[in-house]
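Notes for the one structure printed next.
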Amino acid sequence: MTAPRLKTDILARALVRESTRDGRSAMVLRKGDADAGGILVVLVNRAGDGVVLSQTRTPDGDPAWIRASGPTPLNALDVQAYTDRQLKYDPDLWVLEMESDDFSPPFQAMLL
């Protein structure tokens with residue numbers, strides 16, 4: 001049995017709020033579908049490099065995140081190109097940006 005899903009706008013606001021608790025910068029760059037849009041989280045360091053996390057589910061149906069842009073950080077232009085490509089496929093996506101020097105999620109997350 002899968003866990004109930006929150007509306008995307010509530011989840012996005014919660015992720016931003018949780019990420020800013022320790023003084024990090026976090027913001028919504030793009031709002032997608034408020035009820036059922038997916039979320040991309042761009043983790044950026046102070047040099048401007050970043051990785052993109054995407055929502056997924058474990059085989060048991062639990063929420064999780066994957067490094068959708070790969071294991072190696074990308075420069076800012078490549079991060080933007082990646083998110084632009086994803087938005088062409090899914091215009092309902094939300095895009096959040098969060099400061100993370102070590103590219104780990106600044107919110108509670110299972111990273112696959």
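Residue indices begin at 1 and follow the sequence shown. Basis for what follows: all heavy atoms, side chains included, without hydrogens, waters or symmetry-related copies.
- Sorted pairs that involve residues 9-58 and meet ring pair (Phe, Tyr, Trp, His ring centres under 6.0 Å), not counting sequence neighbours, are lacking altogether.
- When side chains are defined from C-beta on, Met98 counts as touching Leu15, because their heavy atoms get closer than 4.5 Å.
- Counting only residues at least two apart or in different chains, salt bridge (charged side-chain N to carboxylate O under 4.0 Å, His left out) contacts with residues 70-97 are absent.
- Here Arg24 pairs with Asp22 under the side chain to side chain donor-acceptor pair (under 3.5 Å) rule; sequence neighbours left out.
- For Ser104, the side chain to side chain donor-acceptor pair (under 3.5 Å) criterion is met by Asp102, not counting sequence neighbours.
- Take Arg21 and apply the salt bridge (charged side-chain N to carboxylate O under 4.0 Å, His left out) test, not counting sequence neighbours, and it matches no residue.
- In this view, Lys31 satisfies the salt bridge (charged side-chain N to carboxylate O under 4.0 Å, His left out) rule with no residue, not counting sequence neighbours.
- Between Asp101 and Arg46 the shortest side-chain heavy-atom distance falls below 4.5 Å.
- With a 4.5 Å cut-off on side-chain heavy atoms, Leu96 and Leu40 do not count as touching.
- One finds no salt bridge joining Asp62 and Arg57 here, because no Lys/Arg side-chain nitrogen approaches an Asp/Glu carboxylate oxygen to under 4.0 Å.
- Between the Trp94 side chain and the Gly37 main chain, no donor and acceptor come within less than 3.5 Å of each other.
- Ala34 is linked by a side chain to side chain contact (heavy atoms under 4.5 Å, CB included) to Asp9, counting only residues two or more places apart in sequence or in another chain.
- Taking Ala47 as the reference, Asn45, Asp49 meet the side chain to side chain contact (heavy atoms under 4.5 Å, CB included) condition, with sequence neighbours excluded.
- Applying the side chain to side chain donor-acceptor pair (under 3.5 Å) criterion to Thr83, with sequence neighbours excluded, gives no partner residue.
- Not a single donor-acceptor pair under 3.5 Å links the side chain of Asn75 to the backbone N or O of Gly48.
- Contacts of Leu111 classified as side chain to side chain contact (heavy atoms under 4.5 Å, CB included), with partners at least two apart in sequence or in another chain: Leu53, Trp65, Arg67, Pro105.
- In terms of hydrophobic clustering, with Ile, Leu, Val, Met, Phe, Trp and Tyr side chains grouped at heavy-atom distances under 4.5 Å, Ile66 and Val44 are assigned to different clusters.
- Chaining together hydrophobic side chains whose heavy atoms lie under 4.5 Å apart leaves Leu77 on its own.
- Among residues two or more places apart in sequence or in another chain, the side chain to side chain contact (heavy atoms under 4.5 Å, CB included) test is passed with Ser69 by Val51, Val52, Leu74.
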